[in-house]
Amino acid sequence: MKRTPAGEALAQVFIEMAPIFFRLRALGKTTGLVTPWGGGIWGFLRSLKIEGPQTVPQLARARPVARQRIQRLADEAAAAGLIEFVDNPAHKRSKLLRLTARGEQTFDDLDARMGALADDLARRLDEKDLRTAARVLKQLRERLQEG
């Protein structure tokens with residue numbers, strides 16, 4: 001089946017995204033933005049910082065990843081004192097995950113690292129092109145979320 005020009009262009013985006021993802025994940029591990037087993041601690045803490053306390057299933061649906069993957073990240077973050085499990089008034093068994101003061105500080109530190117990494121990678125790239133890429137990727141994410 002022959003692709004449309006837009007379909008061909010999007011296929012090229014997919015081809016480029018996979019190696020970028022893996023290289024960014026490897027870079028994230030060396031900078032502490034990703035846990036040694038691949039969990040995105042910066043993104044996890046960012047979700048709690050921006051959206052407030054959430055349950056493991058809520059965080060998993062937002063990514064989307066397996067609930068077990070988020071549970072593992074939550075358990076690791078709780079053991080490190082970055083989050084705490086608190087009672088959920090909407091559900092007796094599903095606790096809410098909430099940042100601790102240490103988690104807030106860790107997020108701020110990781111966010112500064114993320115900013116430095118983004119600044120470094122953005123050198124020699126056109127800001128307008130980057131904003132267009134971000135806008136298009138956001139539209140694609142929203143389209144995929146529609147189902």
K.L.:
So which heavy atom on Gln54 is nearest to which on Ser47, and how close?
P.N.:
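Of all heavy-atom pairs spanning Gln54 and Ser47, the closest is NE2-O, 3.3 Å.
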K.L.:
Would the distance check show the side chain of Asn88 and the main-chain N or O of Leu96 forming a donor-acceptor pair, the cut-off being under 3.5 Å?
P.N.:
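Looks like no, no N/O pair under 3.5 Å.
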K.L.:
Is the CD atom of Glu127 crowded by more than 12 outside heavy atoms at less than 6.0 Å?
P.N.:
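Open.
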K.L.:
Would Leu33 end up clustered with Ile20 when hydrophobic side chains under 4.5 Å apart are linked, directly or stepwise?
P.N.:
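Per the 4.5 Å side-chain linkage, Leu33 and Ile20 are co-clustered.
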K.L.:
Under a 4.5 Å cut-off applied to non-hydrogen side-chain atoms, are Met17 and Phe21 in contact?
P.N.:
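No. Closest side-chain heavy atoms not under 4.5 Å.
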K.L.:
Hey, is the main chain of Thr55 close enough, under 3.5 Å, to the side chain of Gln58 for a donor-acceptor pair?
P.N.:
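Side chain of Gln58 to backbone of Thr55: a pair is present.
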K.L.:
Are Val86 and Leu48 connected, step by step, through hydrophobic side chains (Ile, Leu, Val, Met, Phe, Trp, Tyr) whose heavy atoms are closer than 4.5 Å?
P.N.:
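Shared cluster, no.
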K.L.:
Tell me, do Phe44 and Ile41 make a side-chain contact under 4.5 Å, heavy atoms counted?
P.N.:
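Heavy-atom side-chain distance check passes, below 4.5 Å.
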K.L.:
Rounded at 0.5 Å granularity, tell me how far CG in Leu82 sits from CZ in Phe107.
P.N.:
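Output value for this atom pair is 12.5 Å.
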K.L.:
Do you know which two heavy atoms are closest between Arg67 and Pro57, and how far apart they sit?
P.N.:
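Closest approach of Arg67 to Pro57, heavy atoms only: CD-CG, 4.2 Å.
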K.L.:
Using 4.0 Å as the upper bound for N to carboxylate O, is an ion pair formed by Arg72 and Glu76?
P.N.:
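The answer is no: the pair does not qualify as a salt bridge.
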K.L.:
Less than 4.5 Å apart, side chain to side chain, heavy atoms only: is that true for Arg135 and Lys138?
P.N.:
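Result no, sub-4.5 Å side-chain heavy-atom pair not found.
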K.L.:
Which heavy-atom pair separates Leu97 from Ala74 by the least distance, and what is that distance?
P.N.:
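Scanning both residues, the minimum pair turns out to be CD2-CB, 3.4 Å.
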K.L.:
Is the shortest heavy-atom distance from the side chain of Leu24 to the side chain of Leu121 under 4.5 Å?
P.N.:
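Touching, per the 4.5 Å side-chain cut-off.
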K.L.:
Using the side-chain contact (heavy atoms from CB on, under 4.5 Å) rule, take Thr31 and Leu110 through it: C-alpha gap first, then chi angles, then the decisive distance, then the call.
P.N.:
CA-CA 9 Å; Thr31 59; Leu110 291 173; over 6 Å; no
K.L.:
Any chance you could measure Leu140, atom CG, to Phe14, atom CZ, to the nearest 0.5 Å?
P.N.:
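One finds 5.5 Å between CG of Leu140 and CZ of Phe14.
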K.L.:
Transitively linked via ILVMFWY side-chain contacts under 4.5 Å: Leu137 with Met114?
P.N.:
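In one cluster with Leu137: Met114, no.
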K.L.:
Assess whether a salt bridge exists between Asp108 and Lys49, defined as any Lys/Arg side-chain N lying under 4.0 Å from an Asp/Glu carboxylate O.
P.N.:
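A salt bridge is present here (some side-chain N lies under 4.0 Å from a carboxylate O).
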K.L.:
Contact between Ile83 and Arg98 at the side-chain level, heavy atoms closer than 4.5 Å - yes or no?
P.N.:
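The answer is no, as the side chains (C-beta and beyond) never meet within the 4.5 Å cut-off.
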K.L.:
Take atom CZ in Arg23; do more than 12 heavy atoms of anything else shown fall under 6.0 Å from it?
P.N.:
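Count not over threshold, so no.
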K.L.:
Within a strict 4.5 Å, meaning less than it, do heavy atoms of the Leu27 and Phe22 side chains meet?
P.N.:
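Not in contact.
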K.L.:
Could you tell me whether the side chain of Leu73 reaches within less than 4.5 Å of the side chain of Leu59, counting heavy atoms only?
P.N.:
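Of all side-chain heavy-atom pairs linking Leu73 with Leu59, none is under 4.5 Å.
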K.L.:
Please examine the side chains of Arg93 and His91, heavy atoms only from C-beta on, and report whether any two atoms are closer than 4.5 Å.
P.N.:
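Answer yes - side chains close enough.
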K.L.:
So that I can tick it off, tell me whether Asp87 and Lys95 are bridged by a salt bridge, with the cut-off set at under 4.0 angstrom between side-chain N and carboxylate O.
P.N.:
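Asp87 and Lys95: salt-bridged.
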K.L.:
Between Glu84 and Thr100, which heavy-atom pair has the shortest distance, and what is it?
P.N.:
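So the minimum-distance heavy-atom pair works out to N-CG2, 3.9 Å.
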